[in-house]
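The structure appears right after this line, and notes come after that.
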Amino acid sequence: MKQRVLLIEPDGMLASLYGEALREHGYTVVVAKTAEQGVAAADAHRPDIVVLELQMARHNGVEFLYEFRSYTEWQDIPIIVLTSLPEHDLSKYALLPKPLEITAVLKKSETSTALLAQEVAAALEARRR
Amino acid sequence: LKQQHGQPNQTDEERLFLSLSEQLRHVFLLITRFAERAGSMPPEVQTAQWQAVRDVSESAMFLTEAYAESGKLQHRLTSPEIEPVTVSALLYDAAERLRPLARQYDVELALDEVPRLTPVMSDRYILQAALTSLGQVFVLAQAEAENHMPLMFAAHRTRYGIVAGVYTEDSELTAEAFRKGRMLYGRSSQPLGKLVSGPATGVFVADALLQSISAKLHLARYHGRVGLGVTLPICDQLQLV
C-alpha cells in the first residue's frame, strides 16, 4: 500500500510541483492549503508523514503543529517543515521539545522537488526502524 | 519617527526593499521548481504551468515597477502629474491588469457598477499602480483562502471624498489588524497575517505611492464587504463642471 504524505502548502502552484514529484516517487499525496484543512485532512486520510509550511495566513503552521501533536495517535508521525521563512526565524523550530518535535527543517529555496522526496523517504525509513 | 516601528536604523525605504525581495524570492522559487519539473510533465500540464509561471512573473514585474516608481517619487527623481482623473476608469484598468493572475488562482474579480462620480485631481499612474499593487495582495490572499470569495473593485462617495478600494467578503482584516500590520512591517515576515501569508508587499508599495500624493490607505467598508481603500478629495471646481 502506498504511503500517504499530507502536504500543507498555501501556494497552489508550489503544492502542485512538490506534490507531483512526491507522487512520482510512489506516494499518495493529500494537499491542504490551510492549518484547518490540514487537521481535517489528517483526520480523514491518516497520513504517514506531514510536510508543513509554517508561513500561512491567519492560523499559521505553528498552530497546526500544536493541534496536530496534541492528538496522542499522531505524536510519532514525522513532520518535515518546508518553509520560506527566513533563516533567522528557523532556528527556533529546529529544536522544539517533544511532542512538538520536527523531523527536519528545510528551506524551500534550497530544497529541490527531488530532495524533498529523498527527505520524505529518509524520515519514513527512520520511523519504520 | 521612521525608526520607531522597525529594526533599529531601518528606514521605510529599506523595509519596503526587504519586503519586495521576499516577494520576488517566492517568484524565483516558483520558476526554479517549475524548471526542475518541466521535463517530466505531460505537454498539456507543461503548457498550463508555463502560463501560470508567466502570469505570476508578470505580476511580480509590475510590483517591482511600482516599487521603483515609489522610490523615484520619494527621492524626487520624478514628481506626480496632477490632472483630473476618473476613478472608475482606473479601477477598471487595475482589475483588468490583475485578471490573468486572478484566473491562475481561480479568484473572481468584480468591478462594481460605479455611479457617475466626479473626477478627482490626482496622478493617474500613481493611483493605478497603487490600486493594482493593492489588488494583487487581495488576489493572493483569496488564493490561499479555503473558499474563494469574489474580489470587488469599487469606488463610492463619502463626505470626505471618493473612496477607491478593493473589497472582499472573506477577510479578518480590521482597522486594528491593519494598524498592527504597519507596526510589524519590517519586523515580521507576515506583517498582515490576517490578510495574506507572505510579506504583503503590495500594500506597502501602495502606501508608499499614495504618500507621494498626500494620500494614505485605510480600512474601508463597502456594501457589507471589508477592504482597503484610499480617500481622494473631490476637486470643488470639477464638481461644478
Side-chain angles (χ1 to χ4, degrees), chain A residues 7-25 29 31-41 51-64 82-93 106-118, chain B residues 7 18 21-23 25-42 45-46 48-57 101 104-107 137-138 140-148 170-173 177 187-200:
Chain A
L7 174 60
I8 305 178
E9 167 57 57
D11 187 294
M13 290 184 206
L14 273 182
S16 156
L17 291 166
Y18 279 116
E20 277 307 311
L22 290 168
R23 284 186 192 103
E24 252 176 36
H25 282 77
V29 181
V31 176
K33 284 166 71 178
T34 64
E36 295 96 320
Q37 275 184 12
V39 173
V51 177
L52 170 70
E53 168 60 282
L54 294 171
Q55 189 166 248
M56 289 187 275
R58 301 175 192 184
H59 306 289
N60 64 31
V62 178
E63 287 172 68
F64 168 84
L82 176 67
T83 184
S84 291
L85 277 176
E87 190 80 43
H88 63 265
D89 288 342
L90 286 182
S91 49
K92 60 185 173 215
Y93 298 111
L106 307 174
K107 285 172 71 178
K108 278 181 187 162
S109 57
E110 295 170 358
T111 308
S112 67
T113 49
L115 180 59
L116 177 66
Q118 281 175 28
Chain B
Q7 299 295 336
L18 287 173
S21 63
E22 280 293 308
Q23 196 124 347
R25 196 168 62 115
H26 179 74
V27 177
F28 287 128
L29 178 70
L30 268 180
I31 295 169
T32 309
R33 296 292 163 254
F34 171 71
E36 279 166 23
R37 300 282 314 144
S40 52
M41 287 174 184
V45 176
Q46 199 184 75
Q49 291 275 9
W50 269 124
Q51 184 64 44
V53 168
R54 202 190 93 166
D55 291 339
V56 171
S57 302
L101 184 73
Q104 281 308 331
Y105 286 109
D106 203 19
V107 177
V137 177
F138 275 81
L140 296 177
Q142 279 302 305
E144 291 173 8
E146 283 182 50
N147 302 308
H148 295 181
D170 173 41
S171 175
E172 291 180 12
L173 195 62
R187 283 177 167 180
S188 162
S189 49
Q190 287 171 274
L192 281 171
K194 294 279 182 192
L195 185 62
V196 68
S197 69

- Message: Does any backbone or side-chain atom of Arg37(B) lie under 4.5 Å from a heavy atom of chain A? Answer side chain, backbone, both or neither.
- Response: side chain
- Please report the C-alpha distance between Val45(B) and Glu20(A) in whole Å, then the side-chain angles of each, then the deciding distance to 0.1 Å, and finally whether the side-chain contact (heavy atoms from CB on, under 4.5 Å) criterion is met. CA-CA 11 Å; Val45(B) 176; Glu20(A) 277 307 311; over 6 Å; no
- Based on non-hydrogen pairs under 4.5 Å, which of Ser109(A), Gly12(A), Ala32(A) is most in contact with chain B? Ser109(A)
- Query: How would you list, by chain and number, every residue that makes a side-chain contact (heavy atoms from CB on, under 4.5 Å) with Val56(B), sequence neighbours excluded?
  - Reply: Met13(A), Val27(B), Leu30(B), Leu101(B), Tyr105(B)
- Task: Taking the side chain as every heavy atom from C-beta outward, state whether Leu14(A) and His26(B) have any pair of such atoms under 4.5 Å apart.
- Result: yes
- Item | Per-residue contact mode, Thr111(A) against chain B (heavy atom under 4.5 angstrom) | backbone
- State, yes or no, whether a side-chain contact exists between Lys108(A) and Arg25(B) at a heavy-atom distance under 4.5 Å. no
- Message: Distance check, rounded to the nearest 0.5 Å: Thr113(A) atom OG1 versus Glu36(B) atom CD?
- Response: 4.0 Å
- Message: For Ser16(A) and Gln49(B): C-alpha separation, side-chain torsions, deciding distance, then whether side chain to side chain donor-acceptor pair (under 3.5 Å) applies.
- Response: CA-CA 10 Å; Ser16(A) 156; Gln49(B) 291 275 9; 3.2 Å; yes
- Note on the structure: The interface call for Ala143(B) against chain A, heavy-atom contacts under 4.5 Å, is backbone
- Query: For Thr34(A), what residues pass the side-chain contact (heavy atoms from CB on, under 4.5 Å) criterion, not counting sequence neighbours?
  - Reply: Glu36(A), Gln37(A), Glu146(B)
- Message: Please give me the minimum heavy-atom distance between Glu22(B) and Ser84(A), naming the atom from each residue.
- Response: OE1-O, 4.3 Å
